[in-house]
Structures are given as structure tokens and as C-alpha cells.
Number of protein chains: 2
Amino acid sequence: MPEPVVVLIEDEPQIRRFLRATLTGEGYRLFEAPTAGAGVIEIGSRQPDAVVLDLVLPDMDGLEVIRRVRQWSGVPIIVLSARGQERDKVCALDAGADDYVSKPFSSGELLARLRVALRHAAGASQPENAVFKLGGLHVDLLRRNVMLDGREVRLTPTEYKLLTTLIRYAGRVVTHQQLLREVWGPNHDSMAHYVRVYMGHLRHKIEAEPARPRYLLTEPGVGYRLADG
Amino acid sequence: MPEPVVVLIEDEPQIRRFLRATLTGEGYRLFEAPTAGAGVIEIGSRQPDAVVLDLVLPDMDGLEVIRRVRQWSGVPIIVLSARGQERDKVCALDAGADDYVSKPFSSGELLARLRVALRHAAGASQPENAVFKLGGLHVDLLRRNVMLDGREVRLTPTEYKLLTTLIRYAGRVVTHQQLLREVWGPNHDSMAHYVRVYMGHLRHKIEAEPARPRYLLTEPGVGYRLADG
DNA sequence: CGCATTTTTTACGGAGTTTTTACGCTCCGC
DNA sequence: GCGGAGCGTAAAAACTCCGTAAAAAATGCG
């Protein structure tokens, strides 16, 4: 995995230097901004995995930074602040910050809280759709639905499992025994007629002319094969 | 509108009393456990929206509680502790805690951090964009109210949890087992009829024609799916 | 404690799915 | 041509799953 990207918005050069050493030393890719304005732009262009934000900045209130960023990004924001009053913390957290660390802080704690933030971000990212396409046939393996020429095709669990098994071996021959084992489980090796019956069902639902299949091809004496591109 | 459920694991009666007043006063549904063992059981059976955990407990290390719960649940865990050493914080956060508040703490800060946790659980980075919309169905995940064509719909806690779980996977199929685990907790895998009964309840409250659902769709043999766009 | 709400159990009809059985077809070699 | 093996189809039988209702148990609340 690539190194996590962090944007640091902090005006005091001394703290910047310290955090630069800490974060880069831990393997983070760090981008720094000394002002709120530059920071917001930096977040927009770098699309970081997390943001470390000092609340006290010369040009703009840190809370305003949070609110602006939250209009278009859910990136985890960890606030750093010299002010440890309850009121400050509540305002920042309710504005959309994910954590609040008071100065003086220890590098270990900040790093640990950064790991928590990245954990959250990693969990939130949805896996993209894995969709198998072959001619007019679209099989969305994540959403578990099958489309033929734009129409939704309703498949029973066994039909779906059979189809996805063939997709997994797309283009290659799959023997009767393999299909039986993968779809019906072990101890069904002699039930080859199941496969024939269900291949018929599938063809009726997926093929324009079930008698002249374009996708679900028979390999006589061996098994079946899903046509490839 | 079901209230957020919080499990509090804390052995000192004094702090328990204080937090009980604070949290119930803010509209949380609170379940308390004085020991780690009881706490883990409570989390498993209540399936709370967040956990507040004191690290120092009579029967088991708080870190062990975190590790056990993390085996089967991603529920946000906020650690309370009298120990404010960097080492303690890092250990707890790396063990899977989501936040760490040192005693003495202010109730306002704890409540704010709890709101952050619930925001995360609702899948929103910012209070505003936590409304799920689908046709005439509006679900405010932070305020926890459900509107259908402008009218408020009263849901029981279990109904609400079932609906929000489906929302989290909107458009994708969710298996019976997934629903059981996320709504009823572990050790309910064989109770598939719960899901059928509650899906019926939900449809009666949300669907115009429960027999011809437009939102809460059945995926025969697999589970259910919330219609998308 | 008694009441209202919610959750858990139980039962059943009907729809849909899987399994089983049967039969016609074609492609072979004989 | 004949017969057998493998393939495709159809339909009956057995089974599972879904939705519903309603009773029973648990829970929360005054």
C-alpha cells in the first residue's frame, strides 16, 4: 500500500519542523501549509488521507477551515490547539473535526490518533463495483444482479452460483465435476444431470436463442464454457 | 425516533451515577455494566451505537475488552481513564479504541466526542449530510427520524437498526446472516425468521403496498436489498 | 404492581426453487 | 440402419423459503 498522505496546516515554524520530523519519520507523505487559505487549497489538490490542523492561524479561524472543507470532503481532521477549554473542543468537534489534541501534546499520542483516523478512512472506502461484461450481458458481482441488454434478469441462487462459477473460469472449459463441486458442494459428483437442467434454465433466461447459445457453450464430453470477449 | 444506545462499562458507582445523569439527560438510552465480563455481554446483546469504557476494571483489563469486542464488532469505543500517560493512550487506541478521554473530564467534551463517534457510525463526516433519501423516504441518520412523504414514521429500535443497516449497503444485497449479525449481534445466525418478521413490520410502516415493495426488496434465497436510485 | 410496547416464538398457506424422473434428439461407431 | 452415450427439454414431486398472523415472553414505564 502507498504511504498515507497527510496535510498539515500550522503557522508556527517550530511546531511544523517538529511534526515534519515526526510524521515523515513514521512514513507519512506530508504536505504543509502555513495559512488557512493555503491549507484548504492543499487539501483540495492533494486529497489527503488525513488532515492535522492548528486552530489558531493568521488569516482565518480554524473552525472556518473545518466548515469549508466539510462542504466537499469527509477527510479525517485532527485539530491541534493550545487552548484546552471545553468550549473550544466542543465547537471544533461539532463543526466536523474528528479529534482534538491539546498542546503540549506527545508525538506518540498524535501518531496513535492519526492511526485511528486512517483506520476509519480505510473502513469507509467502499470497494468499487466488480462488474463482468460480455456482449449485452452485465453481471455485477458486488450487487449481485444480472442485466441482459439493459433489462434485469432474475436468477435463483443456484442459477446465479452456476453463472458466477462459469464467469470465474471465463473462456476456459469447466468440467461437470468442477461445476458440481463448486455449485452443489462435495458429494454430488454423480449428479451430472443437475448441471444439464440448470444450464437449460440459465440459457432460457440469458440467451436470445437458447438452442443456439452465444454465451453458455457446451463442450461435448467435458463440460461447459463461457464465451470470452 | 429511537434514541442512540450507549453501553457504559465502569466500576466506580460515583462516576456511573454522574454519567447516567449526563447521558440520559442528553437523550441517550444507557445500559450499564460494572465489570468487563458483564460489559462484553451487554455489548453483544444490546448492539449499541457506542461504548464508553473505563480502562480500570476489577475483573479484566480494559484493553482485553477492546480486543474481544473488536473480534465481532466495529462499534465506536470511547475509553475513559484516570491514567493520562502517552503509553496508555497509544495502547488503547492501537488496540481498537476510537477515542481516549482522561479523567478528570468535562461532560461537554465527552458528549461532543460521543457525537463524533455517532457521526462516524452514521457514515457522515458532518452533521448536515447525514440524510438518506430515496423517493419519498427520508432517513435522518443523526437525528434518527424517518419520514415518508413528509409524515414522520415511528420505528422501534430493532426496526430502525434493520433499516439503517440496509441503508448502509443501499443497492447491494445483504444476506440474512449479515443482517442478523449487524442487528441482533453474534450467535443469532440461525434466527432467519427474525428478519422475515421484522421486514414485514418495516414494510407495513414504509411501503405503500407492503405486498409489492418498492424500497425493501426480497432477494429470494439470499437476503434483502434496499432499492437504489 | 399493572399497563403498553416491543421482541421472541410458533404455526401455516402459498409461492418459488430444487430435485427427480422421463423422453426425444443427435452424434457416433458398428 | 441400429444402439448407446451424452445432451437438452419438460414436467411432476419434494422441498425450502417467504410473508403473515398471532400468541407468548420480555421489557420499559409509571
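Keep in mind that this is a model prediction, so the values were computed, not measured. Numbered from 1 within each chain, the chains take letters A, B, ... in sequence-line order.
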- Item | Spacing between A/Leu202 atom CG and D/dG8 atom P, to the nearest angstrom | 12 Å
- Query: Parallel under 30°, tilted from 30 to 60°, perpendicular over 60°: which one fits the rings of B/Tyr194 and B/His188?
  - Reply: tilted
- Short side-chain to backbone donor-acceptor contact, A/Glu207 and A/Leu216, under 3.5 Å: yes
- Message: Parallel, tilted or perpendicular, judged at 30° and 60°: which one describes the rings of A/His120 and B/His120?
- Response: tilted
- Message: Quick check on DNA chain D: between B/Pro220 and A/Gly221, whose nearest nucleotide comes earlier from the 5' end?
- Response: A/Gly221
- Does B/Arg196 place a side-chain N or O at less than 4.0 Å from the phosphate oxygens OP1/OP2 of D/dC17? no
- Query: Where do B/Ser102 and B/Arg83 come nearest, in terms of heavy atoms and distance?
  - Reply: OG-O, 4.4 Å
- Expressed in angstrom and rounded to an integer, what is the separation of A/His204 atom NE2 from D/dA11 atom P? 11 Å
- Message: Using a 4.0 Å heavy-atom cut-off, does A/Arg212 contact any base of the nucleic acid, only the sugar-phosphate backbone, or nothing at all?
- Response: nothing
- Message: Any carboxylate oxygen within less than 4.0 angstrom of a Lys/Arg side-chain nitrogen, looking at B/Glu86 and B/Lys89?
- Response: no
- Looking at DNA chain C, which of residues 154-163 of chain A put a heavy atom within less than 4.0 Å of it? A/Thr156, A/Pro157, A/Thr158
- Task: Using whole Å, report how far OH of A/Tyr194 lies from P of D/dA10.
- Result: 20 Å
- Task: Rounded to the nearest angstrom, tell me the gap between atom CD in B/Gln177 and atom P in D/dC17.
- Result: 12 Å
- Item | d(CH2, A/Trp184; P, D/dT16) in whole Å | 17 Å
- Item | chain A footprint on DNA chain C, 5' to 3' - any atom under 4.0 Å from a heavy atom | C/dT17 to C/dT21
- Item | A/Arg203 CZ to D/dC7 P, straight-line distance once rounded to whole Å | 11 Å
- Lys/Arg N to Asp/Glu carboxylate O, B/Arg70 vs B/Asp94, below 4.0 Å: no
- Query: Between A/His193 and B/His188, which is nearer to the 5' end of DNA chain C once each is assigned its nearest nucleotide?
  - Reply: B/His188
- Query: Would you call B/Arg113 and A/Asp99 a salt bridge, using N to O less than 4.0 angstrom?
  - Reply: yes
- Message: How many whole angstroms separate atom CD of B/Glu219 from atom P of D/dG19?
- Response: 11 Å
- Query: Within the pair B/Tyr224 and D/dC17, is there a side-chain N or O less than 4.0 Å away from OP1 or OP2?
  - Reply: no
- Looking at D/dG19, D/dC18, D/dC7, which one has an atom nearest to any side-chain atom of B/His176? D/dC18
- Query: What's the NE2-P distance between B/His201 and D/dA22, to the nearest Å?
  - Reply: 12 Å
- Could you walk me through whether B/Arg16 and B/Glu10 pass salt bridge (Lys or Arg N to Asp or Glu O under 4.0 Å), step by step? CA-CA 6 Å; B/Arg16 269 221 309 279; B/Glu10 165 68 75; over 6 Å; no
- Nearest listed nucleotide, side chain of A/Val197, among D/dA10, D/dG28, D/dT20: D/dA10
- Message: Does the plane of the ring in B/Trp184 sit parallel, tilted or perpendicular to the ring in B/Tyr198? Use 30° and 60° as the thresholds.
- Response: perpendicular
- Message: Between B/Arg29 and B/Asp49, does any side-chain N to carboxylate O distance fall below 4.0 Å?
- Response: no
